[in-house]
2 protein chains.
Amino acid sequence: MVDIHAYTRWMPAGLDLSVITRTGVDVVASHGWDGLSTRSVATALGVTPMALYRYVADAAELRDAVLESIVAASAAVRSTGDLASDLADWARRFRRDLEPHPGVAAHLLIAWFDCPAALDRVESLLALAAEHGIEGFEAVARTNAVFTYVLMRCEAERVIRAAGVVRRSLRDDGTGRPRRHLRILASHYTTARFDAHFEFGLRALVAAA
Amino acid sequence: MVDIHAYTRWMPAGLDLSVITRTGVDVVASHGWDGLSTRSVATALGVTPMALYRYVADAAELRDAVLESIVAASAAVRSTGDLASDLADWARRFRRDLEPHPGVAAHLLIAWFDCPAALDRVESLLALAAEHGIEGFEAVARTNAVFTYVLMRCEAERVIRAAGVVRRSLRDDGTGRPRRHLRILASHYTTARFDAHFEFGLRALVAAA
DNA sequence: ACCTGAACACCGTTCAAGT
DNA sequence: ACCTGAACACCGTTCAAGT
C-alpha cells in the first residue's frame, strides 16, 4: 500500500535549537554581534523569521543562546601552580577565541553575569586565586581586572580595525587638553601592533595580581 | 511699511546642536540609552527626523553628543591628598550622576575611549595616582579598576531594577554547577541593598590601590 | 537656509492561516 | 506540529520637494 499522502505531505524544515544556535554563531562570525537578529538567522536558515519562535521565546533568548555557545567554546582556565602565567595564558587564549566573533567582547562586558559559561570562567579564575591564598573581594577585583582587560582590548581592537584609522581621541581630540597621563594608554590603543601592546598590559596586570 | 511677507513667511523651528543635545539627554533620562534615536529626539522636539540631519551627520554623532553632554556634567575628580578617599569620593559621585541616565554606564564601558569627558576623568584619576608615585601601566590598571567598577555596578543595578527580580544566574542558573567562589560576588549583585554593596566593593578596591 | 514627505531597507513581534 | 504571510510599530537614511 502506497501512502499517496507521503508525496504531498508537507515537510518540516527540521529546525531545532542547536541548528538555530549554530547558525547564529556563524552569523556573528561573518556579520558581527550587531548583525545577529531573528531575521538574519532566519534568512541564513532559509526560513521565515517566525519559524524561530517555536524554539526561542524572543530575540533576547536567541542572543543568549548564541553568546553562551561562543563563550562555552572559548578557552577554559588551566592551573599549573604559577598564578601569573596561568592568568596570562588564559587571557591570551580567551582573546584569541573571541577575536573571530566581533562585538561579542563588548556585549560580554555588560552581560557576563547573565552568561553561565562566562561565570564558569570567572569562577575558575577565583579558584585559581584561592589556590594562592587570595580570597574575598581582593580576588574578585584582581581576576575581574584580567577578565575585563581582555574584553576591553578585544573591543578596542575591533573598533580600530573597523574604523581603519588611528583613534584620534586618545591623542588629541580637538579639545586642546593635553592629557599627558593618558599618553601611556594612547600608544596602547592607537597603533596596529595589537599583540605587543596586549602583552605589555597583560604582563603588568598579572604581575600585580 | 509693513512687510506683508512677514505674516506668510515660513518660520524655522529654531533648532541647533545644543537644543538637540539637551533634548537627547532628556530622552535618555526618561527612556534610557536604548530609547535614544533620531526619531525619538525628533518627536520630542516636534520636528521630522530629517530636520536633525542639518546639525548632526548621523545617529552615531547624535549619540556621541548626548553621551559627551551627560559625562561632562558628571562628577569631576577632586584631590585632597588622600588617594583612597579621593578615589572613593569620586566613584560615589560618578555613580550618583550616572544613575538618572539608565544604560549610559553600559555604553560608556565600551565607548569611554571615544568620549572626551570620560578621558578627562581617566586622565584626572591617573594624575591623582601620579601624585602618590603610582605611574605607568600600574596606574592605568588601578584607576581603570575603579572606573569600570562604577560602570559595571551601575549597569548591574539597572538590569536588576529592570528585571524586578533577583539575578538567578549568579546563584544557580540550572546548570547544576555550584560555583562556590562566585557566591562572594552573588550577594553583591543579587540583593536590593545596592548602596551597602557598592560601598563594600569600593572600599576593598581603593584600599588595594 | 531650514525643514517636510515619501520612500526604502532594516528591526521585533502578534495573530491568523496554511499543510 | 511546524511553518508561512500579512500586518504593525519601530529603526536609520536618501532624495526630492516645499517655503
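A, B, ... follow the sequence lines: proteins, then strands. Residue 1 opens every chain.
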- Write out the stems for DNA chain C, ordered by first number and formatted as range with range, counting runs of at least 3 consecutive Watson-Crick or G-U wobble pairs under 3.5 Å. C:4-8 with D:12-16, C:12-16 with D:4-8
- Carboxylate-amine/guanidinium proximity below 4.0 Å for B/Asp114 and B/Arg63: no
- When the ring planes of A/Phe137 and B/Tyr149 are compared, do they come out parallel, tilted or perpendicular, using 30° and 60° as the limits? perpendicular
- Given atom CG of B/Leu52 and atom C1' of C/dT4, what is their separation to the nearest angstrom? 12 Å
- Message: At a heavy-atom distance below 4.0 Å, what parts of residues 20-33 of chain A sit against DNA chain C?
- Response: none
- Task: Please determine if a side-chain N or O atom of A/Tyr55 lies less than 4.0 Å away from the OP1 or OP2 oxygen of D/dC2.
- Result: no
Return a table of donor-acceptor pairs under 3.5 angstrom between the side chains of residues 96-106 of chain A and protein atoms on other chains or two or more places apart.
| unit_1 | atom_1 | unit_2 | atom_2 | d |
| --- | --- | --- | --- | --- |
| A/Asp97 | OD2 | A/Ala75 | N | 2.8 |

- Task: Kindly say if A/Ser37 contacts the phosphate of C/dC10, meaning a side-chain N or O under 4.0 Å from OP1 or OP2.
- Result: no
- Note on the structure: With the side chain defined as heavy atoms from C-beta on, B/Thr38 is closest, among C/dT4, D/dG12, D/dC3, to D/dG12
- In whole angstrom, what separates B/Arg54's CZ from D/dT13's P? 17 Å
- So side-chain hydrogen bond (donor to acceptor under 3.5 Å, both in side chains) across residues 39-60 of chain A, not counting sequence neighbours, yields A/Ser37-A/Ser40
- Item | Below 4.0 Å: OP1/OP2 of C/dC3 and any side-chain N or O of B/Thr48 | no
- Tell me whether the OP1 or OP2 atom of C/dT14 has a side-chain N or O from A/Tyr53 closer than 4.0 Å. no
Hey, what are the protein-to-nucleotides 6-9 of chain C N/O distances that come in under 3.5 Å?
none

- Is there side-chain contact between A/His107 and A/Leu67, with at least one heavy-atom pair below 4.5 Å? yes
- Item | Taking every non-hydrogen atom, the tightest pair across A/Pro116 and B/Arg179 | O-NH1, 3.2 Å
- Set of residues satisfying side-chain contact (heavy atoms from CB on, under 4.5 Å) with respect to B/Ala42, sequence neighbours excluded: B/Val47, B/Pro49, B/Leu52
